[in-house]
2 protein chains.
Amino acid sequence: MAGTTRTDIRARIVAVGLKATLQRIIIFESLLNLHDAHPTAEEVFQQLKTAHPGISLGTVYKTLDSFVEANLVKRVLSDSKRRFDVNEQPHGHIYCTNTKEIIDYTDPELEKLVADYFKAKNFRNFNLQQVSVQIIGSKSDPNEQISISSI
Amino acid sequence: MAGTTRTDIRARIVAVGLKATLQRIIIFESLLNLHDAHPTAEEVFQQLKTAHPGISLGTVYKTLDSFVEANLVKRVLSDSKRRFDVNEQPHGHIYCTNTKEIIDYTDPELEKLVADYFKAKNFRNFNLQQVSVQIIGSKSDPNEQISISSI
DNA sequence: ATCCATGCAAATGTTTTGCACAGCT
DNA sequence: AGCTGTGCAAAACATTTGCATGGAT
């Protein structure tokens, strides 16, 4: 649960101007639970329907879209399905062409480097919302974790 | 056309270990023509079928997949369809949430900055193939170009 | 009470697949 | 001949839509 209560969730939903319906709350909750999986609408629906048999797949689609629209959630690069990610601290993604996994890559130093770079840039006719780094490659051993160290 | 002849294309296809069939050649050619549009399989098919009525959509799908597999072409973040991009010099993408456009962002200084950053990183169990920067935001005026200047 | 969100199911859009045939070596 | 790639059409999969009903403020 990671310390995010329903009250918190309700507040976050209301904060972006959406009504805090039960469906929106449990879908957001589900996104938090499935955070590491960068789930599809279908996956959110599957996780939800045991505890909430009434929920409809169409609603999950519509709700995820409205979350993205409201900037509560982001879409991520994926293998032909729409995948979603709760909007936490800035981070990049590692995409493994071998296992098709999308793995979060959180690296404040890199985020700062890139953010600073863009601070000195002036965009005309463009409202910059977000910069993120995509890392593409493949795991040598699909069953092992990736680890990273500075030289 | 940009100075890439069929002989060049043939060579690039053979270089990655694929047979240079006519379909592969014209699909690759089409990707070069449509480069700015980051086309879907369907869009490639549409562009092709006038000049080559025999070509099949299924073949376009299969061929694009094999190009990606062979690292001749990249997939790009998109609005729920698979979009493709010929593998030219390193560049990022600007995604406009307003118009859903994907616009190339070529910035050698940024590419160097990021590449250098990752040179000093040591990945274990991961073969890094590519790092790219995604910029997300929205055009103020959908009909105008974005321009960028350093401060 | 009003308005917007939801559930349902049908429609649409996208991608994958299997198989028979064609083309290259 | 033997391989692999292609075309076709069906199947599978993913997303969107319209509308009647339900729920939040």
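Below, read A as the first sequence line, B as the second, and so on, with proteins coming before strands; counting in each chain starts at 1. Hydrogens, waters and symmetry mates are skipped; everything else that's a heavy atom, side chains included, is used. The shown structure was predicted, so the numbers you read here are calculated from the model rather than taken from an experiment.
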Trainee: Check this one for me: any side-chain N or O of B:Ser56 less than 4.0 Å away from OP1 or OP2 of D:dC8?
Mentor: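 Looking at the OP1 and OP2 atoms of D:dC8, neither is under 4.0 Å from any side-chain N or O of B:Ser56.
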
Trainee: Looking only at heavy atoms, which two atoms of A:Ser30 and A:Gln47 are closest? And how far apart?
Mentor: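 Smallest heavy-atom distance, with atoms named: OG-OE1, 2.7 Å.
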
Trainee: Calculate the interatomic distance between A:Leu64 atom CG and D:dA14 atom P; express it in whole Å.
Mentor: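 Atom-to-atom, A:Leu64 to D:dA14, this comes out as 15 Å.
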
Trainee: Counting side-chain heavy atoms from C-beta on, which of D:dT16, C:dT16, C:dG7 comes nearest to A:Asp65?
Mentor: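 So the nucleotide nearest the side chain must be D:dT16.
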
Trainee: Between D:dG23 atom C1' and A:Ile13 atom CD1, what is the distance in whole Å?
Mentor: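 After rounding, the gap between these two atoms is 15 Å.
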
Trainee: Atom CD1 of B:Ile55 and atom P of D:dC8: how far apart are they, to the nearest Å?
Mentor: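 Whole-Å distance recorded here is 10 Å.
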
Trainee: I need the NZ-P distance between B:Lys81 and C:dT12, as an integer number of Å.
Mentor: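 Checked: the NZ to P distance equals 16 Å.
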
Trainee: How long is the line joining NE2 of B:His52 and C1' of D:dG7, in whole Å?
Mentor: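 So the two atoms are 16 Å apart, to the nearest Å.
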
Trainee: Mind checking whether B:Gln46 and B:Lys49 have side chains closer than 4.5 Å, heavy atoms only?
Mentor: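 Yes - at least one pair of side-chain heavy atoms lies under 4.5 Å apart.
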
Trainee: Checking all strands, does A:Thr63 fall into the base, sugar-phosphate, or nothing category for heavy-atom contacts under 4.0 angstrom?
Mentor: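 Sugar-phosphate only.
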
Trainee: Does a nitrogen or oxygen in the side chain of B:Arg24 sit under 4.0 Å from OP1 or OP2 of D:dG5?
Mentor: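 Yes, within the criterion.
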
Trainee: When you measure only distances, ignoring hydrogens and angles, does the side chain of B:Lys62 come within 3.5 Å of the base of C:dG18 through a donor and an acceptor?
Mentor: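 Side chain to base: pair found, below 3.5 Å.
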
Trainee: Any side-chain donor paired with an acceptor under 3.5 Å for A:His91 and A:Asp107?
Mentor: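 No, no side-chain donor-acceptor pair sits under 3.5 Å.
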
Trainee: Quick one: B:Ile25 CD1 to D:dT6 C1', roughly how many Å, whole number?
Mentor: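 Taking atom C1' of D:dT6 as the reference, CD1 of B:Ile25 is at 14 Å.
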
Trainee: Any idea which of C:dG7, D:dT6, C:dA5 is nearest the B:Thr21 side chain?
Mentor: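 Of the candidates, D:dT6 comes closest.
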
Trainee: Quick check on DNA chain D: between A:Arg10 and A:Ala41, whose nearest nucleotide comes earlier from the 5' end?
Mentor: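 Checking each residue's closest nucleotide, the 5'-ward one belongs to A:Ala41.
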
Trainee: Would you say B:Arg82 places a side-chain N or O within less than 4.0 Å of OP1 or OP2 belonging to C:dG13?
Mentor: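 Checking B:Arg82 against C:dG13: no side-chain N or O falls below 4.0 Å of OP1 or OP2.
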
Trainee: So, is A:Lys19 near the phosphate of C:dC4, with a side-chain N or O under 4.0 Å from OP1 or OP2?
Mentor: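 Result: no.
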
Trainee: For the residue pair A:Asn71 and A:Val16, establish whether any side-chain heavy-atom pair is separated by less than 4.5 Å.
Mentor: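 A side-chain contact under 4.5 Å is absent here.
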
Trainee: Taking CG from A:Leu57 and P from C:dT6, how many angstroms apart are they, rounded to a whole number?
Mentor: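 Between P of C:dT6 and CG of A:Leu57: 14 Å.
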
Trainee: Identify whether the distance between the nearest side-chain nitrogen and carboxylate oxygen of B:Asp65 and B:Lys62 falls below 4.0 Å.
Mentor: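 Answer for the salt bridge query: no.
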
Trainee: Measure the distance from CZ on B:Arg75 to C1' on C:dT15 and round it to the nearest whole Å.
Mentor: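 One finds 12 Å between C1' of C:dT15 and CZ of B:Arg75, rounded.
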
Trainee: Less than 4.0 angstrom between a side-chain N/O of A:Tyr61 and OP1 or OP2 of D:dT15, yes or no?
Mentor: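 For A:Tyr61, the contact criterion (side-chain N or O under 4.0 Å from OP1 or OP2 of D:dT15) is met.
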
Trainee: For a quick test of reading the model: is some side-chain N or O of B:Arg83 closer than 4.0 Å to OP1 or OP2 of C:dT15?
Mentor: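 So the side chain of B:Arg83 is outside the cut-off, no N or O lying under 4.0 Å from OP1 or OP2 of C:dT15.
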
Trainee: Would you tell me if any nitrogen or oxygen in the side chain of B:Gln23 comes within less than 4.0 Å of OP1 or OP2 on D:dG7?
Mentor: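 Answer is yes, contact under 4.0 Å.
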
